[in-house]
Amino acid sequence: MKVTIAKTAGFCKGVNNAFVKSIEASKNHDEIYMVGELVHNSDVVKKLKENNIKLISPEEAKKLTSGLAIIKAGGDRKSTRLNSSHVRTS
């Protein structure tokens, strides 16, 4: 069987943007967390962890008092929403 990979194979623009911004953010924040896996790709999650981005559950995120929390690329559920008055999106 021959497998051909398209020249444009890879992440969609939104996932790529979320990944790039997460890596950039990890350079400027001491405490950075991804609430659930940012994307469903173990290699990408591993790379994020290698950049000191900690994987936490929605329940753990609700207890955060400091740091930067990243919500997965596909959005969040009401049960994932954080209790914070300092929410920022980009």
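In this text, all values refer to a predicted model and were calculated from it rather than measured experimentally. Here, residue 1 is the first one in the sequence, and each next residue gets the next number.
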Item to check | side-chain contact (heavy atoms from CB on, under 4.5 Å) partners of Glu24, counting only residues at least two apart | outcome: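 Testing Glu24 for side-chain contact (heavy atoms from CB on, under 4.5 Å), a comparison that skips the adjacent residues, returns Val20.
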Item to check | Closest non-hydrogen atom pair between Ala25 and Ile32, with its separation | outcome: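 So the two residues come closest at CB-CD1, 3.6 Å.
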Next on the checklist: I need the minimum non-hydrogen distance between Pro58 and Val35, along with the two atoms involved.
Outcome noted: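 Shortest heavy-atom contact: CA-CG1, 3.8 Å.
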Let me confirm one number: the [atom1]-[atom2] distance from [X] to [Y], rounded to the nearest 0.5 Å.
{"X": "Ser26", "Y": "Leu68", "atom1": "OG", "atom2": "CG", "result": "10.0 Å"}
{"X": "Lys63", "Y": "Ile56", "atom1": "NZ", "atom2": "CD1", "result": "10.5 Å"}
{"X": "Met34", "Y": "Leu55", "atom1": "CE", "atom2": "CG", "result": "5.0 Å"}

Item to check | With Glu31 via side chain to side chain donor-acceptor pair (under 3.5 Å) - residues at least two apart | outcome: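 Scan of Glu31 (side chain to side chain donor-acceptor pair (under 3.5 Å), adjacent residues dropped) gives Tyr33, Ser66.
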Item to check | Shared-cluster residues of Val3, by chain and number - hydrophobic side chains joined below 4.5 Å | outcome: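 Met1, all in the cluster of Val3.
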Report all side-chain donor-acceptor pairs from residues 42-49 shorter than 3.5 Å, counting only partners two or more places apart or in another chain.
none

Checklist entry - Just wondering, more than 12 heavy atoms not from Asp30 lying within 6.0 Å of its CG? => result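 At most 12 heavy atoms, drawn from other residues, nucleotides or ligands, come within 6.0 Å of this atom.
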Item to check | Side-chain heavy atoms of Leu38 within contact of Ile71, under 4.5 Å | outcome: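 Leu38 does not reach Ile71 side chain to side chain.
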